[in-house]
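The chain is numbered in sequence order, starting from 1. Just so we're clear, the structure is a prediction, and the values are computed from it rather than from any experiment.
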Amino acid sequence: MGLIATSLIWVAYAVCLGILFFVSGIFVFIYQKPSERSLGVTIVCFITLLSLLATVLLLPVDVALVSSTSAYKLGNKKDWATPDAVDNILLQLKIVYYALYSLDAVLCLLVVPFTYFFYEEYDEVAAEEGTQTIGSRFWGAMKYTIGFVALALVLFLVGFFIPVARKARDEHRDLDFFKDLLTENHGERALSFAIGIL
C-alpha cells in the first residue's frame with residue numbers, strides 16, 4: 001500500500017514536470033527577442049527555468065510523501081510506515097533535493113553567467129574580419145565568469161561573518177569561536193546577503 005501511495009506522488013510530480021517542460025519552452029520562446037535568438041542561450045535558459053521550477057515543485061512532493069505515512073483519522077503512522085520505510089522515503093527526498101539544489105547552484109553560478117558573457121563577447125565586425133575566434137570568445141567569457149564567481153564568493157563570505165561581528169567584539173577569538181561560527185546556521189543569512197547584493 002505504501003509503495004503505491006509514494007509511487008503515485010512521484011508520478012504526479014513527473015506529470016507536472018512534463019507540463020513544465022512545455023511551459024518553460026513556450027515561456028523562453030515568447031520572451032526572447034526574435035532578432036537576438038541564440039540556440040545556446042535558449043537551451044541554457046530553458047534548462048535553468050525547468051530546473052528551478054522542478055526545485056520549487058519539490059516542496060509539495062515532500063509534504064505529500066511525509067503526509068502519506070500518517071493516518072489522518074487516528075493521527076499515528078500507518079501500518080506500512082515502518083521506520084525503515086520512512087527512512088527510505090526521506091533518503092529518496094534528500095537525494096532529489098541535493099541533486100536539484102546542486103544543479104541550480106551550478107546553473108546559476110557558472111553556466112548562466114558563462115553563457116551570458118559568451119553571448120556578449122560576440123563582435124559581428126571582428127567575426128567577419130576573422131580576428132575573433134571561438135577560443136577568444138570562450139576565454140573572454142571564462143574571465144568574466146571567474147570574476148563573477150569570485151565576487152559571489154566574497155559576498156557570501158562577508159555575509160557569513162557579518163552577523164557575528166557584534167558578538168565577536170566582546171569575546172576573544174580562539175578556535176572555539178570559529179567552531180561555533182561554523183556550527184551555527186549563518187549559511188542562510190550569508191546566502192540572503194549575497195543574493196540581495198547581486
Side-chain angles (χ1 to χ4, degrees), residues 1-73 77-120 138 141-142 145 148-149 152-153 155-156 185 187-198:
M1 182 67 182
L3 184 61
I4 294 172
T6 57
S7 297
L8 286 175
I9 293 169
W10 284 113
V11 167
Y13 180 66
V15 168
C16 288
L17 287 183
I19 293 169
L20 286 178
F21 182 84
F22 293 108
V23 169
S24 298
I26 292 168
F27 184 83
V28 169
F29 185 75
I30 286 175
Y31 285 102
Q32 273 187 332
K33 209 174 193 182
S35 62
E36 295 183 5
R37 286 199 173 128
S38 169
L39 181 63
V41 173
T42 303
I43 291 172
V44 168
C45 287
F46 169 72
I47 291 171
T48 303
L49 185 61
L50 183 62
S51 172
L52 293 172
L53 289 174
T55 304
V56 169
L57 278 182
L58 194 57
L59 184 62
V61 172
D62 187 352
V63 171
L65 285 173
V66 172
S67 297
S68 70
T69 62
S70 299
Y72 299 112
K73 293 180 180 177
K77 295 287 184 192
K78 293 181 180 176
D79 294 334
W80 62 267
T82 63
D84 289 337
V86 172
D87 287 343
N88 188 25
I89 291 171
L90 294 177
L91 178 65
Q92 291 173 357
L93 273 172
K94 189 183 286 189
I95 290 171
V96 175
Y97 267 119
Y98 282 144
L100 283 175
Y101 278 115
S102 299
L103 179 63
D104 292 345
V106 167
L107 286 170
C108 292
L109 291 174
L110 295 175
V111 177
V112 170
F114 178 81
T115 304
Y116 171 77
F117 294 130
F118 187 78
Y119 178 76
E120 289 297 321
F138 181 84
M142 188 61 73
T145 303
F148 174 78
V149 169
L153 185 63
L155 290 175
F156 185 75
N185 188 10
E188 183 179 329
R189 283 191 226 152
L191 190 59
S192 298
F193 178 78
I195 290 173
I197 296 292
L198 289 175

Here the pair of heavy atoms bringing Ala54 nearest to Leu17 is CB-CD2, 3.4 Å

Answer yes or no: are there more than 12 heavy-atom neighbours, outside Tyr97 itself, under 6.0 Å from its atom OH? yes

The reported gap from CZ in Phe117 to CE in Met142 (rounded to nearest 0.5 angstrom) is 12.0 Å

Tightest non-hydrogen contact, residues Leu107 and Pro113, listed as O-CD, 3.9 Å

Between Val66 and Thr69 the two heavy atoms that sit nearest each other are O-OG1, 2.6 Å

Separation between CD1 (Ile47) and CG (Leu103), nearest 0.5 Å, reads 8.5 Å

Taken to the nearest 0.5 Å, the spacing of Ile4 CD1 from Leu8 CG works out to 7.5 Å

Heavy-atom check, side chain of Tyr119 versus side chain of Val44, under 4.5 Å:
no

Should Gln92 and Asn88 count as side-chain neighbours, where that means a heavy-atom distance under 4.5 Å? yes

On a heavy-atom basis, the closest approach of Ser102 and Tyr98 is OG-O, 2.7 Å

Rounded to the nearest 0.5 Å, the CZ atom of Phe148 sits from the CG atom of Leu153 at a distance of 11.5 Å

Practice task
Kindly indicate whether the side chain of Val61, heavy atoms from C-beta on, has any atom under 4.5 Å from the side chain of Leu58.
Solution key: yes

Tightest non-hydrogen contact, residues Ser38 and Thr42, listed as O-OG1, 2.8 Å

The reported gap from CG in Leu50 to CZ in Phe22 (rounded to nearest 0.5 angstrom) is 11.0 Å

Shortest non-hydrogen pair, Ser24 vs Leu53, comes out as OG-CD1, 3.8 Å

Is a donor on one side and an acceptor on the other found under 3.5 Å between the side chain of Ser68 and the backbone of Leu65?
yes

Check your understanding: Given side chains that start at C-beta, do those of Leu91 and Ile95 come closer than 4.5 Å, heavy atoms only?
Key -> yes

In this structure, CZ of Phe27 is separated from CG of Leu20 (nearest 0.5 Å) by 12.0 Å

### Query
So, the side chain of Thr48 versus the backbone of Cys45: is there a donor-acceptor pair under 3.5 Å, distance only?
no

- Thr145 side chain to Ala141 main-chain N or O, any donor-acceptor pair under 3.5 Å? yes

